[in-house]
Amino acid sequence: GWSSPDPDAEGTCRFSLDGGLDFSLSSPDGRTIILHADLGPEPDAGTQEGADKLRDLAGFAAGAMASRRSQLSINEGRLQLHLAFPAQAPAAAMLDNARDFLKDLEWWQAQVRRPSAMSSASPFSFGDGFNMNFLSF
């Protein structure tokens, strides 16, 4: 049900789907298709909240490598999500890649929006995530 968008001067096609699923598709070398989405500004590592958020996102990215093919990165101060696959893939594989990317995009958008796990730490917690909330007096 998608209409074919016209590529821009750089050959990139942009899509904007319901639910804020905005992404682009390009093939810079004609052999690889790259799906790309901007997830917003990089958290400010100069603040405790931003550093905690970056730590959370890095942990999610490491854990996601086992089950998600899209890669999270930071480029020019922006969080970015990418998925690359061969342009010569069968049509069904291309649709599967697009569906997987959109699922990943939705998941990553939720991770970026949610508060850092570290920012809600107890005053009795240590900086490394160890928490003494089990103590009750």
Side-chain angles (χ1 to χ4, degrees):
W2 296 355
S3 59
S4 268
D6 293 324
D8 63 16
E10 297 168 352
T12 300
C13 296
R14 301 191 191 294
F15 298 88
S16 184
L17 304 179
D18 291 342
L21 297 176
D22 299 337
F23 70 101
S24 63
L25 179 148
S26 62
S27 183
D29 62 4
R31 296 185 316 247
T32 303
I33 292 176
I34 299 172
L35 299 175
H36 168 266
D38 183 283
L39 294 169
E42 169 187 7
D44 181 5
T47 67
Q48 186 62 47
E49 183 180 339
D52 291 345
K53 186 64 175 178
L54 282 172
R55 188 175 306 109
D56 286 351
L57 292 173
F60 292 144
M65 286 190 293
S67 61
R68 298 184 185 277
R69 293 185 35 235
S70 302
Q71 296 93 32
L72 180 71
S73 65
I74 298 174
N75 184 25
E76 297 180 3
R78 307 288 298 175
L79 294 171
Q80 316 252 321
L81 189 66
H82 299 87
L83 176 64
F85 56 92
Q88 303 306 321
M94 288 189 182
L95 289 174
D96 288 344
N97 285 318
R99 183 176 29 256
D100 290 346
F101 180 76
L102 291 171
K103 287 178 184 177
D104 289 352
L105 175 55
E106 186 174 43
W107 185 83
W108 275 110
Q109 285 175 334
Q111 305 321 304
V112 168
R113 284 191 300 264
R114 78 187 234 181
S116 170
M118 297 299 288
S119 66
S120 62
S122 144
F124 299 103
S125 66
F126 297 90
D128 64 357
F130 178 79
N131 198 314
M132 294 178 56
N133 283 340
F134 62 89
L135 296 176
S136 61
F137 299 105

**Report entry** Verify same cluster id: L25, L17 (apolar side-chain graph, 4.5 Å)
**Finding:** yes
Query raised in the report: Would you say the side chain of H82 lies within less than 4.5 Å of the side chain of F101, judging by non-hydrogen atoms?
Result: no
Requested in this report: Look at the side chain of Q109 and the backbone N and O of G20, then say whether any donor-acceptor pair between them is shorter than 3.5 Å.
Outcome: yes
**Report entry** Any side-chain heavy-atom pair of L35 and L105 under 4.5 Å
**Finding:** no
Query raised in the report: In the single-linkage hydrophobic clustering (I, L, V, M, F, W, Y; side-chain heavy atoms under 4.5 Å), do L21 and M94 co-cluster?
Result: yes
Query raised in the report: Any side-chain heavy-atom pair from F60 and R55 closer than 4.5 angstrom?
Result: no
**Report entry** Pairwise distance CD(Q71) to CE(M65) - rounded to 0.5 angstrom
**Finding:** 10.0 Å
Report summary line: Shortest non-hydrogen pair, Q88 vs G30, comes out as NE2-O, 4.2 Å
Query raised in the report: Any side-chain heavy atom of P86 within less than 4.5 Å of one from T32?
Result: no
Report task. Please lay out, stage by stage, how K103 and W108 fare under the test side-chain contact (heavy atoms from CB on, under 4.5 Å). Result -> CA-CA 9 Å; K103 287 178 184 177; W108 275 110; over 6 Å; no
Requested in this report: Hey, could you give me the CG/CG distance between L54 and D44, rounded to the nearest 0.5 Å?
Outcome: 8.5 Å
Query raised in the report: Same hydrophobic cluster for L95 and I33, using side-chain heavy-atom links shorter than 4.5 Å among ILVMFWY?
Result: no
Query - Distance-only donor-acceptor check, side chains D104 and S70, under 3.5 Å - result: yes
Requested in this report: State the OG-CH2 distance between S67 and W107, to the nearest 0.5 angstrom.
Outcome: 7.5 Å
Requested in this report: Return yes if some donor-acceptor pair links the side-chain N/O of K53 with the main-chain N/O of P115 below 3.5 Å, else return no.
Outcome: no
Report task. Calculate, to the nearest 0.5 Å, the distance between atoms OG and CD belonging to S116 and Q111 respectively. Result -> 11.5 Å
Query - Side-chain touch L57/L79, heavy atoms, less than 4.5 angstrom - result: yes
**Report entry** Validation row: Q80, D38 side chains within 4.5 angstrom (heavy atoms)
**Finding:** yes
Requested in this report: State yes or no: do L39 and F15 share one hydrophobic cluster built from I, L, V, M, F, W and Y residues joined by side-chain heavy-atom distances below 4.5 Å, directly or via other members?
Outcome: yes
**Report entry** Residue pair P43 / G50: nearest heavy atoms and the distance that separates them
**Finding:** CB-O, 3.6 Å
Query raised in the report: Does R14 reach the side chain of F23, with side-chain heavy atoms less than 4.5 Å apart?
Result: no
Requested in this report: Kindly work out whether a path of hydrophobic side-chain contacts (I/L/V/M/F/W/Y, heavy atoms less than 4.5 Å apart) joins L72 to I34.
Outcome: no
Query raised in the report: Should D100 and R69 count as side-chain neighbours, where that means a heavy-atom distance under 4.5 Å?
Result: yes
